[in-house]
Amino acid sequence: MSFEQRTISCGALRPEHDTQHVTLNGWVNARRDYGGIIFLDLRDRDGVTQIVIPAEQEPELAASIKDVRSEWVLWVKGVVRMRENPNPNIPTGLVEVRAHQIGVINPANVPPFEIVDDLLTNEELRLAYRYLDLRRPALQRNFIVRNRLYQITHQYFAEQGFLEVETPVLTKSTPEGARDFLVPSRINKGRFYALPQSPQLFKQLLMVSGFDKYMQIVKCFRDEDLRADRQPEFTQIDVEMSFIRQDDILATAEGFVRRAWSEIRGMEVQTPFARMTWHEAMSTYGSDKPDIRYGMHLVTLTDTLRTCAFSVFTDAIAAGGIVAAINATGCGAFSRKQIDELTDHAKKYGAKGMPWLKFAGGELTGSFVKFLSADEQQAILQALDAKEGDLMLFSVGEFERACTVLGALRTEVARRTGILESLRGTFSFHWVTEFPLLEYSDEEQRWVARHHPFTAPLPDDMQRLMTDPTGSRALAHDLVINGYEAAGGSVRIHENAVQQRMFDLLGFTQADAEAKFGFLLSALQYGAPPHGGIAFGFDRLVMLLCETDNIRDVIAFPKTTSGLSLMDGCPSTVDTRQLGDLGISLVQ
RNA sequence: GGGAUCGUAGCUCAGUUUGGUUAGAGCGCCGCCCUGUCAAGGCGGAGGUCGCGGGUUCGAGCCCCGUCGGUCCCGCCA
């Protein structure tokens with residue numbers, strides 16, 4: 001269908017265009033029909049402009065748009081003029097276009113939901129009509145931010161001397177880590193490619209090749225259960241550097257984040273970022289990715305309560321566990337019901353219960369106060385800096401579990417008391433370092449890598465690898481922004497012997513290691529430089545910059561939490577012939 | 001794999017507690033009126049597989065069982 005092509009965008013019109021002849025293309029945002037005069041709001045990516053049709057004077061023009069409704073696609077020829085009644089709420093509000101000719105480019109069905117920003121429609125329907133959902137300016141703004149971050153990423157890393165190199169999407173399935181998405185091979189029946197969980201091994205091999213500084217904006221795939229901030233396919237800024245120490249990686253990352261926040265948010269972020277060890281993060285905040293914009297720190301009370309009369313505490317301590325607490329300042333008025341809800345919350349994270357104390361009317365009340373001596377009560381109040389009207393929540397047990405429970409309670413209390421809401425638009429940036437290198441899996445009866453099997457230990461802990469790896473720490477680093485893991489990485493093992501030992505600890509036989517990772521072990525014997533890197537969660541950075549807590553708001557065509565695409569209906573069944581080509585038959 | 005919660009008009013929801021006549025409201029949609037609105041306004045109208053299947057009952061939107069789907073969370077996510 002022919003149409004008059006636009007001379008300017010709908011969102012660009014300003015008083016300086018007064019009296020100019022223009023042609024606009026766009027979607028009808030709204031129609032206000034007064035009989036004698038008709039207003040159409042025409043929308044494109046840039047904004048909305050009001051079109052005026054003086055129906056009284058031009059009945060033929062009015063008749064030509066009689067059927068035009070929301071979401072029809074039009075071209076409009078007319079003259080820009082100043083409005084009699086300006087609308088201060090929109091950027092184009094001082095002007096309007098007096099139409100002389102209007103053409104329908106394409107009519108539209110009545111949409112299943114209105115294209116407005118303050119949309120309350122359920123996500124199921126929005127995802128089924130994603131192309132309509134994406135017409136909403138609020139969502140389009142997110143993709144404008146996303147685009148700017150692509151540009152900043154390429155500019156910054158290019159300026160820093162990084163080379164972008166593409167790595168394969170069809171790769172080898174490896175054990176360890178997330179479940180792989182598999183792609184059957186037609187030419188080699190019975191064999192499979194895997195989609196990469198990340199280009200980890202390839203970027204290390206690029207270091208061996210001498211590329212020195214590598215980066216890539218790259219899709220990664222993990223076949224695991226989803227969350228509000230997790231999709232099965234997601235984007236990383238993958239970075240790797242040679243001949244560096246950990247500080248170099250962190251400084252490079254800090255420079256990038258500072259640039260992004262400066263250009264997109266207009267905020268000057270202070271660098272270097274604060275650093276805390278994993279142990280500090282867990283014992284102070286109860287999380288390895290804490291939101292440090294507010295306090296409510298965990299306080300360890302193990303020594304204070306070691307000899308108290310409350311067996312829940314003393315039994316846990318005797319078993320090697322800890323007792324810790326947070327002070328939910330000012331929550332002393334929480335009802336029994338609210339405390340029960342907090343207890344349920346604690347139980348989701350593996351707590352058996354949630355002992356609590358209230359300080360009100362100058363005295364302590366609570367679930368276990370009768371087991372405490374006056375000295376112990378005093379010590380608790382002092383340690384938690386508890387004042388009149390405060391509520392104290394306790395957790396006991398093994399260190400990581402007990403801390404995690406309090407960390408979850410800390411977040412929940414912050415949410416319920418409006419602390420999180422009051423922090424909207426603010427950001428905190430910090431590093432968490434010295435993660436445990438390995439953790440023992442009771443389920444698998446073996447050590448597993450906490451980060452990944454290629455992570456180097458702290459030099460001080462290298463000896464432990466040869467004897468007992470318990471307590472060994474990794475040269476790993478996570479960048480945490482507002483409680484989100486925004487990036488993570490490590491210095492890698494670059495010596496064959498150390499890497500062999502790591503596989504050994506993980507329970508791989510030499511033959512296993514050779515079969516799964518032989519190419520890496522081999523590469524490490526041909527002159528591998530010391531190297532390390534980091535990968536940013538690109539979608540999460542965009543989420544933070546857009547201040548949304550839903551990853552689907554920053555991915556154009558996302559999946560639901562059960563991994564379905566409601567628009568195109570994938571995953572779908574396939575033709576038996578396709579399966580036959582691949583040598584695959586389905587189990588009934 | 002597990003837990004919570006939701007599913008009623010095109011959309012957002014009420015109705016479910018205590019089963020009972022013809023399932024309601026706002027927005028949207030359709031028609032008419034209207035020359036300065038911008039969430040236009042006024043009058044009128046159409047519109048329902050109460051997610052789906054089974055059961056209990058004289059009778060089910062409401063109770064029971066199962067199932068599908070959305071969201072959030074635990075496990076999982078090197």
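Chain letters run A, B, ... following the sequence lines, proteins first, then strands; residues in each count from 1. Values in this document were obtained by computation on a predicted structure and should not be read as measured data. Scope of the values below: all heavy atoms of this structure, side chains included, with no hydrogens, waters or symmetry mates.
- On a pure distance criterion of 3.5 Å, no polar donor-acceptor pair joins the side chain of A/Glu124 and the base of B/G51.
- Ion pairing between A/Glu176 and A/Arg446 holds under the 4.0 Å rule for side-chain N and carboxylate O.
- Spacing of P atoms, B/U16 relative to B/G51, comes out at 15 Å, to the nearest Å.
- A/Gln50 contributes a side-chain N or O that forms a donor-acceptor pair with the base of B/U37 under 3.5 Å.
- Here the closest heavy-atom approach between residue A/Thr411 and residue A/Leu420 is recorded as O-CD1, 4.3 Å.
- The separation of B/G48 from B/G1, taken at their C1' atoms, amounts to 38 Å, rounded to a whole angstrom.
- For A/Asp41, the listed nucleotide lying nearest its side chain is B/C38; candidates were B/G70, B/C38, B/U35.
- With salt bridges taken as basic N to acidic carboxylate O contacts below 4.0 Å, none links A/Glu123 and A/Arg126.
- Atom CZ of A/Phe181 sits in a crowded spot, with more than 12 heavy atoms from other residues, nucleotides or ligands closer than 6.0 Å.
- Distance check on atom C1': B/C73 versus B/A60 gives 33 Å, rounded to whole Å.
- Nucleic acid contact class of A/Pro112 (heavy atoms, under 4.0 Å, all strands): sugar-phosphate only.
- Checking A/Arg540 against A/Lys559, the closest nucleotide of RNA chain B that is more toward the 5' end is the one next to A/Lys559.
- Among the protein residues, A/Ser562 comes within range of the sugar-phosphate backbone only, with heavy atoms under 4.0 Å from sugar or phosphate atoms but none that close to a base.
- The ring of A/Phe39 lies on top of the base of B/U37, close enough and flat enough: under 5.5 Å between centres, under 30° between planes.
- Under the 6.0 Å cut-off for aromatic ring centres, A/Phe538 and A/Phe234 do not qualify, their centroids lying 6.0 Å or more apart.
- Among the heavy atoms of the strands, none lies under 4.0 Å from A/Ile38.
- Map A/Glu224 and A/Gly35 each onto its nearest nucleotide of RNA chain B; the residue landing nearer the 5' end is A/Gly35.
- Here, B/U8 and B/A25 have their C1' atoms 13 Å apart, quoted to the whole Å.
- Using a 4.0 Å heavy-atom cutoff across all strands shown, A/Pro88 reaches no nucleic acid atom at all.
- Closest contact between the side chain of A/Lys348 and the listed nucleotides B/C73, B/G70, B/C38 involves B/C73.
- Spacing between B/G66 and B/G10 at atom P, rounded to whole Å, works out to 30 Å.
- Minimum atom distance to the side chain of A/Thr560 is reached by B/G70, of the listed B/C30, B/G70, B/G36.
- Distance A/Phe181 CZ to B/C77 C1': 12 Å, rounded to the nearest Å.
- Summarising the geometry, the separation between CG on A/Asp344 and P on B/G2 is reported as 20 Å, rounded to the nearest angstrom.
- Of the nucleotides present, B/G3 is the one that pairs with B/C72 by Watson-Crick or G-U wobble criteria, both distances under 3.5 Å.
- Look at CG on A/Asp33: it is 15 Å from P on B/U37, rounded to the nearest Å.
- The two residues A/Leu205 and A/Ala523 make their nearest non-hydrogen contact at CD2-CB, 3.5 Å.
- When the C1' atom is compared between B/G47 and B/G26, the two are found 15 Å apart, to the nearest whole Å.
- Residue contacts for A/Glu96: at a heavy-atom cut-off of 4.0 Å it reaches a base atom on one of the strands shown.
- Checking B/U37, B/C77, B/G10 against every side-chain atom of A/Ala178, the shortest atom distance belongs to B/C77.
- A donor-acceptor contact under 3.5 Å links the side chain of A/Arg81 to the base of B/G36.
- Using a 4.0 Å heavy-atom criterion, one finds that A/Phe454 contacts no nucleic acid atom at all.
- Taking only side-chain nitrogens and oxygens, A/Tyr34 never comes nearer than 4.0 Å to OP1 or OP2 of B/G36.
- At a threshold of 4.0 angstrom between heavy atoms, the contacts of A/Gln200 include nucleobase atoms, whether or not backbone atoms are also involved.
- A 3.5 Å limit on both hydrogen-bonding distances identifies B/C52 as the Watson-Crick or G-U partner of B/G66.
- If you check every strand for non-hydrogen atoms under 4.0 Å, A/Leu226 touches nothing.
- In this structure, B/C30 forms a base pair with B/G44, meeting either the Watson-Crick or the G-U wobble geometry with both donor-acceptor distances under 3.5 Å.
- When each of B/U37, B/G28, B/U35 is scored by its nearest atom to the side-chain atoms of A/Glu114, the top-ranked nucleotide is B/G28.
- The residue A/Asn89 sits apart from the nucleic acid: no heavy atom pair falls under 4.0 Å.
- Between A/Tyr129 and A/Tyr131, the angle of the ring planes goes over 60°, which puts this pair in the perpendicular group of the 30/60° scheme.
- For A/Arg83 against B/U37, a side-chain-to-base donor-acceptor contact under 3.5 Å is present.
- Note on A/Phe113: nothing from the nucleic acid sits closer than 4.0 angstrom, heavy atoms only.
- A/His452 and A/Ala449 get closest at one heavy-atom pair: C-CB, 3.5 Å.
- Taking side-chain N and O atoms only, A/Arg32 has no distance below 4.0 Å to OP1 or OP2 of B/U37.
- An OP1 or OP2 oxygen of B/C11 is reached within less than 4.0 angstrom by no side-chain nitrogen or oxygen of A/Arg126.
- Residue-to-nucleotide contacts include no donor-acceptor pair under 3.5 Å from the side chain of A/Arg222 to the base of B/C77.
- The separation between A/Glu400 atom CD and B/G75 atom P is 11 Å, rounded to whole Å.
- The side-chain hydrogen bond (donor to acceptor under 3.5 Å, both in side chains) test with A/Asp238 is passed by exactly one of A/Gln200, A/Gln216, A/Lys203: A/Lys203.
- Between the P atom of B/U71 and the CD atom of A/Glu123 lies a distance of 6 Å, rounded to the nearest Å.
- For the P atoms, the distance linking B/G15 with B/G54 amounts to 28 Å, nearest Å.
- Contact annotation: A/Asn122 reaches the phosphate of B/U12 (side-chain N/O to OP1 or OP2, under 4.0 Å).
- Across the C1' atoms, B/C29 and B/U67 are found 34 Å apart, a figure rounded to whole Å.
- Between the CG atom of A/Asn29 and the C1' atom of B/G28 there is a distance of 14 Å, rounded to whole Å.
- Nearest nucleotide to the side chain of A/Glu84, out of B/C34, B/G69, B/G36: B/G36.
- With rounding to whole Å, A/Arg31 atom CZ is found 15 Å from B/G41 atom P.
- Contact annotation: side chain of A/Arg227 to base of B/G75, donor-acceptor pair present below 3.5 Å.
- Side chain A/Arg230 to base B/C76: a donor-acceptor pair is found below 3.5 Å.
- Here B/G70 presents its P atom at 16 Å from OH of A/Tyr129, a figure rounded to the nearest Å.
- Taking the six-membered ring for Trp and thresholds of 30 and 60 degrees, A/Phe399 and A/His279 have nearly parallel ring planes, at less than 30 degrees apart.
- Checking the phosphate oxygens (OP1, OP2) of B/U71, a side-chain nitrogen or oxygen of A/Arg552 falls inside 4.0 Å.
- With a cut-off of 3.5 Å on both pairing distances, B/U22 has no Watson-Crick or G-U wobble partner at all.
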